[in-house]
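Chain letters run A, B, ... following the sequence lines, proteins first, then strands; residues in each count from 1. Values below: every heavy atom of this structure, side chains too, minus hydrogens, waters and symmetry copies. Note that the structure is predicted; figures quoted are calculated from it, not measured.
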Amino acid sequence: MPELPEVESVRRQLAPELRGRRVVSVWWDPYPRTRLSDLHLLEGRRLEDVHRRGKYLLCPLSPPDGRTDLELVLHLGMTGSFRLVPLPAPDAHEEPGSGADDEPGPDRADEDAADGADPDAPTHVRASLVLDDDRVLLFRDPRRFGRMSVVPAGEYRGRIPTLAQLGPEPLSDAFEVGRFAAALAATSAPVKAKLLDQRLVAGVGNIYADEALWRARIHPASRRVGRRRAAALHRAIREVLTAAIEREGTTFRDYQMVNGQSGRYVDLLDAYGQGDLPCRRCGTAMRRTVIAQRGTTYCPLCQRP
DNA sequence: CACGCCTCCTGTGCGC
DNA sequence: TGCGCACAGGAGGCGT
């Protein structure tokens with residue numbers, strides 16, 4: 001999925017477009033096990049801003065009285081993306097009178113782009129918010145791993161467990177090397193599993209975990225990371241995430257920005273997706289394995305246990 | 001509690 | 001060309 005750099009890039013595109021916009025109406029996926037909840041609460045409210053914590057986007061909502069007490073929480077899962085499109089002109093073919101109550105979601109059977117349907121029309125739309133500037137925010141998510149929910153502002157416990165326990169932002173002062181080293185020392189799980197866990201540090205996923213471990217020369221399965229290596233990893237995480245944000249993230253397969261463009265960090269990947277290719281540092285063939293149920297690529301020479 | 005495995009989904013790319 | 005299978009950037013839930 002989109003990790004911190006991808007989510008931050010999406011945030012930077014969305015924030016100026018959504019800030020101050022009022023939500024006129026909302027449609028969302030009627031799928032039984034949908035991970036979209038309480039979106040009806042959006043209607044009539046203003047999106048005050050778009051913030052980010054880890055891989056989550058947070059939009060404070062203004063009620064009519066001006067107090068902010070609800071928040072829209074967005075997570076892109078593995079395949080989520082947003083689009084802003086013009087509000088379609090009222091369709092002449094539409095049955096008069098009916099059809100008003102539930103906006104026919106643009107999600108039809110995905111295969112039948114038959115009869116006249118625009119082949120470029122967005123597919124897999126799971127939610128759409130009509131905004132007061134006659135544009136529509138579409139949330140697309142083929143695999144349905146993404147989440148959208150409206151919650152009382154800041155109250156994540158019991159609703160969004162990972163967000164409730166989220167670790168420090170890696171690019172902020174809250175990400176302290178001493179605490180990071182201590183947390184790594186206090187665990188017996190493979191270091192990569194701890195990076196993916198989100199409690200030690202927020203926003204690192206499979207791509208940037210592999211990248212940071214390669215840069216810090218730490219074997220992803222290592223269960224013992226001392227202070228020295230912890231400090232190297234701390235620095236590597238910051239460097240990798242900063243460089244990826246500068247290039248608007250990595251598009252390996254699904255990730256797209258709001259304008260449909262790809263992230264350009266893919267060209268700079270040193271580890272992720274480099275299986276069997278020569279290590280960019282020492283030339284040894286990169287090796288692929290599975291750690292924490294995730295595909296993992298590392299250099300067997302540079303990154304020894 | 002910490003850890004590790006399984007699951008939720010759909011699409012794609014590969015090998016046969 | 002067609003089919004089946006493995007795999008995909010995340011997180012939640014459950015068993016040990």
Side-chain angles (χ1 to χ4, degrees), chain A residues 1-10 29-37 53-57 73-81 107-111 113 122-126 139-149 156-167 183-213 220-223 240-241 244-245 247-257 262-266 268-269 271-276 288-297:
Chain A
M1 109 103 192
E3 307 178 29
L4 186 152
E6 292 76 35
V7 177
E8 175 61 18
S9 299
V10 168
D29 193 6
Y31 181 78
R33 282 188 290 280
T34 183
R35 297 174 191 188
L36 312 175
S37 63
R53 269 288 277 137
K55 305 174 196 174
Y56 292 86
L57 291 173
V73 179
L74 308 171
H75 194 294
L76 299 174
M78 299 262 251
T79 57
S81 64
D107 175 36
R108 321 101 20 219
D110 301 314
E111 299 85 0
T123 56
H124 308 292
V125 173
R126 307 306 185 198
F139 177 57
R140 307 171 64 189
D141 185 19
R143 284 177 77 181
R144 301 183 202 265
F145 285 172
R147 286 162 192 267
M148 288 181 79
S149 48
Y156 311 127
R157 197 138 315 184
R159 298 180 172 89
I160 307 167
T162 300
L163 183 53
Q165 301 188 83
L166 199 61
L184 279 179
T187 181
S188 68
V191 58
K192 176 162 176 181
K194 297 308 292 182
L195 292 182
L196 297 178
D197 177 271
Q198 306 301 304
R199 285 179 294 185
L200 240 158
V201 57
V204 176
N206 204 36
I207 293 179
Y208 301 108
D210 278 9
E211 293 302 305
L213 289 164
S222 178
R223 292 172 191 267
V240 164
L241 296 178
I245 289 171
R247 301 201 127 218
E248 298 174 293
T250 302
T251 297
F252 211 78
R253 49 186 349 140
D254 299 303
Y255 164 68
Q256 288 191 336
M257 278 177 290
S262 296
R264 306 180 315 281
Y265 193 74
V266 65
L268 300 188
L269 293 175
Y272 183 83
Q274 306 296 301
D276 296 333
R288 221 181 111 77
T289 183
V290 175
I291 294 168
Q293 292 80 241
R294 317 301 301 278
T296 299
T297 309

- Query: Minimum heavy-atom separation for A:A292 to A:A193, with atom names?
  - Reply: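 Taking every non-hydrogen atom into account, CB-CB, 3.9 Å.
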- Query: So, for A:S9 and A:I245, which heavy atoms are closest and what is the spacing to 0.1 Å?
  - Reply: OG-O, 4.4 Å
Which atoms of nucleotides 1-5 of chain B (N or O only) lie under 3.5 Å from a protein N or O atom, and what are those distances?
from  : atom 1 : to     : atom 2 : distance (Å)
B:dC3 : OP1    : A:T187 : OG1    : 2.4
B:dC3 : OP1    : A:S188 : N      : 2.6
B:dC3 : OP1    : A:S188 : OG     : 3.3
B:dC3 : OP1    : A:A189 : N      : 3.3
B:dC3 : OP2    : A:T187 : OG1    : 3.0
B:dC3 : OP2    : A:K194 : NZ     : 3.3
B:dG4 : OP1    : A:R223 : NH1    : 2.9
B:dG4 : OP1    : A:R223 : NH2    : 3.3
B:dC5 : OP2    : A:Q293 : OE1    : 2.8

Counting heavy atoms from C-beta on, name the nucleotide in [options] closest to the side chain of [X].
X	options	answer
A:R288	C:dC7, C:dA11, B:dC9	C:dC7
A:R126	B:dT10, B:dC9, C:dG13	B:dT10
A:Y272	B:dG11, C:dG10, C:dA8	C:dA8
A:E3	B:dC8, C:dA11, C:dG10	C:dG10

N/O (side chain, [X]) to phosphate O (OP1/OP2, [N]) under 4.0 Å:
X	N	value
A:Y31	B:dC8	no
A:R144	B:dT10	yes
A:H75	C:dA11	yes
A:H124	B:dG11	yes
A:R294	C:dA8	no
A:R33	B:dC9	yes

- Message: Pick the closest DNA chain C nucleotide for A:G295 and for A:L196 by heavy atoms, then say which residue is nearer the 5' end.
- Response: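 By nearest-heavy-atom nucleotide position, the 5'-most residue is A:G295.
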- Across the strands shown, which category fits A:R159 at heavy-atom distances under 4.0 angstrom: base, sugar-phosphate, nothing?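 Nothing, no nucleic acid heavy atom in range.
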- Task: Describe the nucleic acid contact of A:Y265 in one word from base, sugar-phosphate, nothing, applying a heavy-atom distance below 4.0 Å.
- Result: nothing
- Query: Under 3.5 Å, side chain of A:D29 to main-chain N/O of A:L36, donor-acceptor pair present?
  - Reply: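 Checked: no pair found.
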Whole-Å distance separating the [atom1] atom of [X] from the [atom2] atom of [N]:
X	N	atom1	atom2	answer
A:D29	B:dC9	CG	P	11 Å
A:F145	B:dT7	CZ	P	12 Å
A:E6	C:dA8	CD	C1'	14 Å
A:D210	C:dG10	CG	P	10 Å
A:L4	C:dA11	CG	P	11 Å
A:Q198	C:dG10	CD	P	8 Å

- Query: If the P atom of B:dC6 is compared with that of C:dA6, how far apart are they to the nearest Å?
  - Reply: 14 Å
- When the P atoms of B:dC9 and C:dC3 are considered, how many whole Å apart are they?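 Result for the P pair: 25 Å, nearest Å.
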- Query: Which distance, rounded to the nearest 0.5 Å, do you find between the OG1 of A:T250 and the CG of A:L268?
  - Reply: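 One finds 8.5 Å between OG1 of A:T250 and CG of A:L268.
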- Message: Let me confirm one number: the CG-NZ distance from A:D197 to A:K192, rounded to the nearest 0.5 Å.
- Response: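 A:D197 CG to A:K192 NZ: 13.5 Å, rounded to 0.5 Å.
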- Is a side-chain donor-acceptor pair under 3.5 Å present for A:E6 with A:Y208? yes
- Under 3.5 Å on both distances, the Watson-Crick or G-U partner of B:dG15: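 Pair assignment: B:dG15 / C:dC3.
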- Message: Between A:D254 and A:R35, which residue's closest nucleotide on DNA chain B lies nearer the 5′ terminus?
- Response: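 The residue closer to the strand's 5' end, by nearest nucleotide, is A:R35.
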- Does any donor-acceptor pair link the side chain of A:R147 with the base of C:dA11 at a separation under 3.5 Å?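 There is none.
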- Message: Salt bridge or not between A:D141 and A:R35? Use side-chain N to carboxylate O under 4.0 Å.
- Response: no
- Item | Salt bridge A:D276-A:R288, side-chain N to carboxylate O under 4.0 Å | no
